[in-house]
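Written below as structure tokens is the structure these notes are about.
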Number of protein chains: 2
Amino acid sequence: MPSGEENVILTVDVTLFTLQRGALAVALQRRDRAPFSGRPALVGGYVHPEEDRDTMATALRVLREKAGLGKVFLEQLMTFSGLNRDPRGWSASVAYYALVPEQDLAPLAAREILIVPAEEARGLPFDHDAIVAKGVERLRGKGSYSSLPAFLLPETFTLTQLREMYEKVMGVSLNDSAFRRKIEELHFVEPVEGAYSKVTARPARLYRLRRPALTEFDRRL
Amino acid sequence: MPSGEENVILTVDVTLFTLQRGALAVALQRRDRAPFSGRPALVGGYVHPEEDRDTMATALRVLREKAGLGKVFLEQLMTFSGLNRDPRGWSASVAYYALVPEQDLAPLAAREILIVPAEEARGLPFDHDAIVAKGVERLRGKGSYSSLPAFLLPETFTLTQLREMYEKVMGVSLNDSAFRRKIEELHFVEPVEGAYSKVTARPARLYRLRRPALTEFDRRL
DNA sequence: CGAATAGTGTCTGTGAGACAGTATTCT
DNA sequence: AGAATACTGTCTCACAGACACTATTCG
């Protein structure tokens, strides 16, 4: 029998991304217990083996219990581990990232959760700085060849909103007509019959994702 | 104090990729203990917290102890977890994948390790089928926009060898002159001064990676 | 010399950026 | 009408595939 697998702490940490004032932001929750009690950190918690089907279930439960969030886009990022990341001892944290449209953030208000711009999420406890950095990196990378940025938008959106979201996530500016062409060709979104957004001078057609899950493209947007 | 984190099994599993007879293959090791004793499975083992700095160290140790391998390309894939993947109970396995040139496989011979084509690695115990599938997926995906396939080649290689490796990993055929142009532009490899491979009719210039680590490209190869 | 493979030069089609031009709504 | 934003059409340039052509070695 192997000897050394006792006393390993297994947790899940979620980097919850959203948009705030037009910039990519992450949710930080003030910790209510030691270690680092009172300090803002990623939303996370212990894996409960008797309750959680797997770590994805842990992430969903943590989002529900600690942030009041139900359906969100959630994907595993990577696992961070080692002796020094948690003062309680050797630990492994399976990190996830979630994408939540700004409109769906209402449940967070009651829960001591701050939304801070992604670049300002520094000096966090544990190795949460590294987790956030990795999440941003993944978001930028995968954003350019997948429907990922669309999950930061409400269910229906205009092509201008979609382009602007890609621009914010990828940190570049995109040519409008080329963008429309590519969206047309990739057809991972479809127009909602007869639905128009009326917030701008000329009403714009509303689109929605054709599939509820992430779509990856052959080429970059 | 939280209640449910005891008795969680934490392991590491490594999908060791190599090339055999021109096709992508994985290393499987006959298990020497329960569960699934005697069945071929991925190379893996328990995390030893008092010995392993982190799970990457576990992977390196397991490769050293069980496969006799030292320096190999190693990257985290993702973590697989849940109640049903291991008959011993709720477990989490941090999966890694390794790339080893065919020439470096000598140490495996003495160790009950089989090399089987990636598509034939089916019916493995635990959820190792899923881990292999995810590894192949990652390899194919990342191979097209990074120097990843080069890590399956010996230290120096010809451009024809490099192209063929990309073709095998990505499962497509590439235009030779276009490939050479892109390699030139991306310059993640450099010619070795005065070194030529003499295995073909006309000797070919030998190249090596400019950086020992993975390089990601802006565009696809 | 011919076979075989390495490596180069050039043509062409496709697709992306640029940007002008048209459409629709509001004040 | 004019502003503002949505959307479309077209020009051009760059790049990738195709492929012919040259280079070098061996038998």
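Here the structure is a predicted model, which is why all the values come from computation and not from measurement. Below, read A as the first sequence line, B as the second, and so on, with proteins coming before strands; counting in each chain starts at 1.
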N/O (side chain, [X]) to phosphate O (OP1/OP2, [N]) under 4.0 Å:
{"X": "B:R181", "N": "D:dG17", "value": "no"}
{"X": "B:K182", "N": "D:dG17", "value": "yes"}
{"X": "B:S177", "N": "C:dT8", "value": "no"}

Of all the nucleotides listed (C:dT8, C:dA6, D:dC7), which has the minimum atom distance to the side chain of A:A204?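 Nucleotide nearest to A:A204's side chain: D:dC7.
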I want to verify a distance call: between D:dT25, C:dA16, D:dG17, whose nearest atom is closest to the B:P203 side chain?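 Of all the options, the side chain of B:P203 is nearest to D:dT25.
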Atom of A:R85, atom of A:D127 and distance for their closest heavy-atom approach: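 A:R85 and A:D127 have their closest heavy atoms at NE-OD2, 2.8 Å.
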Using heavy-atom distances to pick each residue's nearest nucleotide on DNA chain C, tell me which of B:Q161 and A:F179 is more 5'.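 First, find each residue's nearest nucleotide; the 5'-ward one identifies B:Q161.
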In whole angstroms, how far is the [atom2] atom of [N] from the [atom1] atom of [X]?
{"X": "B:L186", "N": "D:dA16", "atom1": "CG", "atom2": "C1'", "answer": "13 Å"}
{"X": "B:R219", "N": "D:dA14", "atom1": "CZ", "atom2": "P", "answer": "14 Å"}
{"X": "B:K198", "N": "C:dT5", "atom1": "NZ", "atom2": "C1'", "answer": "15 Å"}
{"X": "B:R205", "N": "D:dA23", "atom1": "CZ", "atom2": "P", "answer": "16 Å"}
{"X": "A:L162", "N": "D:dT5", "atom1": "CG", "atom2": "C1'", "answer": "17 Å"}
{"X": "A:D176", "N": "D:dG9", "atom1": "CG", "atom2": "P", "answer": "14 Å"}
{"X": "A:L221", "N": "C:dG17", "atom1": "CG", "atom2": "C1'", "answer": "14 Å"}
{"X": "A:Y196", "N": "C:dT25", "atom1": "OH", "atom2": "P", "answer": "8 Å"}

NA contact type, [X], heavy-atom cut-off 4.0 Å: base, sugar-phosphate, or nothing?
{"X": "B:R163", "result": "nothing"}
{"X": "A:R180", "result": "base"}
{"X": "A:T160", "result": "sugar-phosphate"}

Side chains of A:S81 and B:D54: donor-acceptor distance under 3.5 Å anywhere?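 Absent: no donor and acceptor within the cut-off.
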Hey, could you give me the CZ/CZ distance between B:F188 and B:R208, rounded to the nearest 0.5 Å?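 Output value for this atom pair is 14.5 Å.
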Taking the six-membered ring for Trp and the single ring otherwise, decide whether the centroids of A:F36 and A:F126 are under 6.0 Å apart.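 Yes; A:F126 has its ring centre under 6.0 Å from that of A:F36.
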With a sphere of 6.0 Å drawn around CD of B:E190, does it hold more than 12 non-hydrogen atoms of other residues, nucleotides or ligands?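 More than 12 within 6.0 Å, yes.
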Is there, by distance only and without an angle test, a donor paired with an acceptor across the side chain of B:N175 and the base of D:dA18 below 3.5 Å?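 Check passes, donor-acceptor contact within cut-off.
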With distance as the sole criterion, do the side chain of B:R202 and the base of D:dA23 form a donor-acceptor contact below 3.5 Å?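 Pair found.
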